Amino acid sequence: MKKIAVVSIDNINNAGDEIIGNIARYLTEKISDDIVVKKISFCPSFRYLIKKGYVLQAVAAIVMLMFAKLMGNGTVKYKTKNIAYKFRFGKYYKTLLKNVDGIVCAVGMLKYSTQNHSYLYELLCSTAQIYSIPVIFCGQSVEKFHKEDWRCRQLRHALNYPVVKAIATRDGNSGIKKLRRYVKRNIPVAGAGDLALWIPDYYNIEKKSGRVIGVGLVRGNIYQDYMPESNINECRLMNIYQDIVYELERRGFEWVFFCNGIKQDYNFGRQLLKKMNLPDNKLLRIPNCANELINDIAGFKGVIGARFHACMVSFSIGIPFIGMVWDSKFSGVGKMMGIEEQFVEAEDLNGEYMVNLLEN
């Protein structure tokens, strides 16, 4: 029997990440009866690390990360954070990967500028190199290469370990072109569908006869973090949501806010209800798992999605949708799938345009 580790994100209560991890495991298990899959968290929580006995490492990392916060952005800060991540997760990765025969990395994006991913990819690949474990990356979006950024160069270094055997990107040709800036070795690099497209196979959930438009939520400062050039702060994003709601009601649509499971998104919805003087039933409860999110979306007439996998779930089960673009992954996947026009750029985020697009 071959033991394969499927590495995915499971610590931020985002149903999209749960979908990616579950379907990666499902597709890996389908390859052969001789495969046993072991799911591993890409970035386990502090509580998990303490529970499993990595106390000294976790505490030392916190001290170093607090010290790094005092520094301005730049190479010294990034190198300090990298050391902290080695302290925090080094032993964890070595322990869990030691006896596996292969690694499937099922994380949504190859990136470095947010969520500290470059440090984790370096740890994953360097640990695999120690044990000579082959690694593949499946269906990921790719952040644009900027050689001036130390974290970008670190991600390039991680992807060029000899144990990395193949990379598939959900961004199609644009993703392949970006990957060629990172990968200097002759390994297979190809386009592939986002893993959420296998939802009908794995979850066996079909669309229903819905009457309500689902309006997906994100946290208020997400555009500032990912697209600062858009000048969309929390106040402006609230106004955009108000405009969407006004336009839906003007045209006689029933609607409801929903989130993918992230508490910050849900809290932003609570703020919207208060500002707009709306009842609590205009915001769905936080889904406890991917099944609940998919069932929610399956019951909508249409979706105005803000989280990427709210859009992909909608597409996979045939629910009409449009998406709000705050990251390059929307455009990359949209172009590869031939639905680029369904993703709304920051300058077009207004109620009339978006509801027109959804109706079309």
Side-chain angles (χ1 to χ4, degrees), residues 7-9 11-12 41-44 46 49 54 57-94 97 103 105-130 135-137 140-165 167 169 171 174-187 189 221-230 326-329 332:
V7 180
S8 61
I9 297 174
N11 67 324
I12 59 173
S41 176
F42 183 57
C43 184
F46 179 77
L49 293 172
Y54 305 111
Q57 295 89 340
V59 172
I62 286 178
V63 174
M64 294 200 70
L65 289 171
M66 289 175 64
F67 179 65
K69 274 188 175 182
L70 302 175
M71 304 176 184
N73 287 338
T75 299
V76 175
K77 178 177 183 175
Y78 303 147
K79 286 185 176 181
T80 302
K81 290 183 73 173
N82 185 52
I83 294 169
Y85 269 72
K86 285 182 178 180
F87 268 116
R88 192 169 193 170
F89 301 115
K91 188 174 179 181
Y92 161 82
Y93 271 114
K94 286 179 181 177
L97 295 177
I103 298 169
C105 186
V107 177
M109 193 159 184
L110 284 167
K111 60 181 179 178
Y112 53 87
S113 64
T114 59
Q115 294 182 277
N116 301 308
H117 276 199
S118 68
Y119 314 128
L120 292 162
Y121 284 127
E122 170 65 28
L123 264 177
L124 175 66
C125 294
S126 63
T127 305
Q129 187 65 40
I130 291 170
V135 182
I136 65 167
F137 293 84
Q140 294 176 286
S141 291
V142 185
E143 184 170 2
K144 188 175 180 181
F145 187 89
H146 288 290
K147 67 179 180 179
E148 295 81 11
D149 193 312
W150 183 87
R151 298 165 299 175
C152 176
R153 300 195 299 274
Q154 181 184 41
L155 178 57
R156 177 178 62 185
H157 183 261
L159 296 178
N160 282 282
Y161 278 105
V163 288
V164 177
K165 301 301 182 184
I167 306 174
T169 171
D171 292 345
S174 66
I176 292 171
K177 188 174 180 181
K178 289 177 188 175
L179 278 172
R180 291 302 181 195
R181 295 290 307 278
Y182 288 95
V183 182
K184 300 304 179 184
R185 297 165 47 243
N186 185 24
I187 62 170
V189 174
N221 58 352
I222 202 161
Y223 280 88
Q224 292 169 285
D225 287 345
Y226 284 84
M227 295 183 70
E229 70 279 5
S230 69
W326 47 264
D327 188 279
S328 62
K329 62 187 174 185

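Remember, predicted model here, so these are calculated numbers, not experimental data.
Within 6.0 Å of atom CZ in Phe46, more than 12 heavy atoms from other residues, nucleotides or ligands are found, so the atom counts as buried in its surroundings. Other residues, nucleotides and ligands contribute at most 12 non-hydrogen atoms within 6.0 Å of the NZ atom of Lys94. Within 6.0 Å of atom OH in Tyr85, more than 12 heavy atoms from other residues, nucleotides or ligands are found, so the atom counts as buried in its surroundings. More than 12 non-hydrogen atoms from other residues, nucleotides or ligands lie less than 6.0 angstrom from NZ of Lys184.
Here the shortest heavy-atom pairing between Leu110 and Leu155 reads C-CD2, 4.0 Å. The heavy-atom pair separating Thr80 from Ala68 by the smallest distance is CG2-CB, 4.1 Å. Heavy-atom minimum distance, Ser8 versus Ala106: CB-O, 3.5 Å. When every heavy atom of Val142 is checked against every heavy atom of Met109, the shortest pair comes out as C-CE, 4.0 Å. The shortest non-hydrogen separation linking Gly332 to Ser174 is CA-OG, 4.2 Å. Across all their heavy atoms, Ile103 and Val7 have their closest contact at CG2-CG2, 3.8 Å.
With sequence neighbours left out, the side-chain hydrogen bond (donor to acceptor under 3.5 Å, both in side chains) criterion links Ser328 to no other residue. For Gln154, the side-chain hydrogen bond (donor to acceptor under 3.5 Å, both in side chains) partners at least two apart in sequence or on another chain are Asn82, Ser118. Evaluation of the side-chain hydrogen bond (donor to acceptor under 3.5 Å, both in side chains) rule for Asp149 yields Arg151 as partners, not counting sequence neighbours. Asn160 meets the side-chain hydrogen bond (donor to acceptor under 3.5 Å, both in side chains) test with no other residue; sequence neighbours excluded. With sequence neighbours excluded, the residues forming a side chain to side chain contact (heavy atoms under 4.5 Å, CB included) with Asn73 are Lys77, Tyr78, listed by chain and number.
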His117/Ile9 under side-chain contact (heavy atoms from CB on, under 4.5 Å): CA gap, chis, key distance, verdict: CA-CA 11 Å; His117 276 199; Ile9 297 174; 4.0 Å; yes

Criterion ring-ring contact (aromatic ring centres under 6.0 Å, His included) on Phe42 and Tyr93, from CA distance to verdict: CA-CA 9 Å; Phe42 183 57; Tyr93 271 114; 7.1 Å; no

side-chain contact (heavy atoms from CB on, under 4.5 Å) between Tyr182 and Ile167, intermediate numbers included: CA-CA 11 Å; Tyr182 288 95; Ile167 306 174; over 6 Å; no

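From Ile136, atom CD1 reaches atom CD1 of Ile187 across 10.5 Å, with rounding to the nearest 0.5 Å. Here the straight-line distance linking atom CH2 of Trp150 with atom OG1 of Thr75 works out to 8.0 Å at 0.5 Å rounding. Note that OG of Ser141 and NZ of Lys111 are 9.5 Å apart. Values are rounded to the nearest 0.5 Å. Considering NZ of Lys81 and CE of Met71, their distance stands at 11.0 Å, rounded to 0.5 Å. Interatomic distance, Glu148 CD to His146 NE2, rounded to the nearest 0.5 Å: 8.0 Å. Going from atom CD1 of Ile222 over to atom CH2 of Trp326 covers 3.5 Å, rounded to the nearest 0.5 Å.
Formation of a donor-acceptor pair under 3.5 Å by the Thr169 side chain with backbone atoms of Gln140 is found in this model. Of the possible polar contacts, one joining the Glu143 side chain to the Ser113 backbone as a donor-acceptor pair under 3.5 Å is found. A donor-acceptor distance shorter than 3.5 angstrom exists from the side chain of Arg185 to the backbone of Pro162, with no hydrogens or angles considered.
Note: Phe89 and Tyr92 have perpendicular aromatic rings, judged against thresholds of 30 and 60 degrees for the angle between ring planes.
Under the 4.5 Å side-chain criterion, counting only non-hydrogen atoms from C-beta, Arg88 is in contact with Leu65. For the pair Leu49/Gln57, no side-chain contact is recorded, criterion being any heavy-atom separation below 4.5 Å from C-beta on. Counting only heavy atoms from C-beta outward, the side chains of Leu159 and Tyr121 never approach each other to under 4.5 Å.
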Please set out all donor-acceptor pairs under 3.5 angstrom arising from side-chain atoms of residues 122-130, sequence neighbours excluded.
residue : atom : partner : partner atom : Å
Glu122  : OE1  : His157  : ND1          : 3.2
Glu122  : OE2  : Tyr161  : OH           : 2.7
Ser126  : OG   : Glu122  : O            : 2.8
Ser126  : OG   : Leu123  : O            : 3.2
Thr127  : OG1  : Leu123  : O            : 2.6
Gln129  : OE1  : Val163  : N            : 3.3

